[in-house]
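First comes the structure, then the notes that go with it.
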Amino acid sequence: MLQNTGKLAGYTVFITGASRGIGKAIALKAARDGANVVIAAKTADPHPKLPGTIYTAAAEIEAAGGKALPCIVDVRDEKQINDAVGKAVEKFGGIDILVNNASAINLTGTLETPMKKVDLMLGINLRGTYLTSKLCIPHLLKSKNPHILNLSPPLNLNPIWFKNHTGHPLLPDFFLDQQPENLARQMEDGKTSADSATTGPVSDMFNIIRGILSPDIVKTTQGVYRFELSGDHAGVWYIDLKNDAGSAGSGEPPVKADVVMTLDSSDFIKMFGGKLKPTMAFMSGKLKIKGDMGLAIKLEKMMGMMKSKL
């Protein structure tokens, strides 16, 4: 288990579904830091099959070193959320962090899933997350370091996750950015371009890039870079050295790029690996640059830092 840093001491964390499972685990970790934890969950009376209530969770949080406020909350009920938010602000003076942990899932096919289950999933996962965020945001904006953590991950559109849950074999969408016949062939093989984007030498290089990102690099660079790669590992990648602590990965950058670099994927690997100088790549035509040339030059600083990591 990771050691506690104490950074959450005195902070108020509002956690939905915190009476058991992942929600309670997060609550206990925050409690060990000395945080105030609002347990916003439905279970007030013991469940015949599932252990834990908001009150037993509160006792564990207090024992772990935190302060607890148990609140009976169904995240589909606006009044219950509003009441819990009001109690949290009254007791702890505000809300610093919201953890949208409450969720519902039903892994059955379309024809086998009753609408009651569909309504439950949409009500909790979508409406509940939106509603709780909406009611907490006015108080989060008063915090010196506000955060919202949504535990539901983005959907993985790889057909392997959907093919067993439709009434019909998946068909290619003509509005995707690939030729339909190529996409259909990839679907038959159980692969998509998303698979190749997360494996291979370019992905490995971006893992190294992410490892050296820091607020200092962001502060001294202040640029967003988009890479259009061709060749064996074609795709679009980005490095954001302008926002927060920086980020990098596959796909479009989170904001408009200041610099767009176009080159072969093999030359990209050589360039960031220190085997091809960006200036030589540009002058020889291997690298094409659009945008702020000053920021393009600044990227060489990061490339120099990467040599020690390779």
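Note that the numbering runs from 1 along the sequence shown for the chain.
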Is it true that, when you exclude [X] itself, more than 12 heavy atoms of the residues, nucleotides or ligands shown sit nearer than 6.0 Å to its [atom1]?
X	atom1	result
N207	CG	yes
M280	CE	no
L122	CG	yes

Exercise: identify the closest heavy-atom pair between [X] and [Y]:
X	Y	value
N101	G23	ND2-CA, 3.3 Å
G52	R20	O-NH2, 3.0 Å
G249	R210	CA-NH1, 3.5 Å
G246	L213	C-CD1, 3.7 Å

Determine all donor-acceptor pairs shorter than 3.5 Å in which one atom belongs to a side chain in residues 58-65; sequence neighbours excluded.
residue: E60; atom: OE1; partner: K24; partner atom: NZ; Å: 3.4
residue: E60; atom: OE2; partner: K24; partner atom: NZ; Å: 2.9
residue: E62; atom: OE2; partner: A68; partner atom: N; Å: 3.0

Fill in: Spatial distance of atom OG1 (T262) from atom NZ (K290) [nearest 0.5 Å]
6.5 Å
With a 4.0 Å cut-off, would you call [X] and [Y] a salt bridge?
X	Y	answer
K242	D240	no
D83	K87	no
K286	D264	no

Discussion item. Is there a path of hydrophobic side-chain contacts, each under 4.5 Å between heavy atoms, that joins V260 and F206?
Written reply: no
Discussion item. Is there a side-chain contact between F272 and D267 in this structure, where contact means two heavy atoms from C-beta onward sitting under 4.5 Å apart?
Written reply: no
Practice prompt. Could you check if a side-chain atom of Y225 sits within less than 4.5 angstrom of a side-chain atom of K298, using non-hydrogen atoms only?
Written response: yes
Discussion item. Using a 4.5 Å cut-off between side-chain heavy atoms of Ile, Leu, Val, Met, Phe, Trp and Tyr, which other residues end up in the same hydrophobic cluster as I81?
Written reply: F14, V38, L69, V73, V75, V85, V89, F92, I95, L98, L120, I124, L131, L135, I137, L140, L141, I148
Discussion item. Aromatic contact between F268 and F227, with the criterion being ring centroids under 6.0 Å apart: yes or no?
Written reply: yes
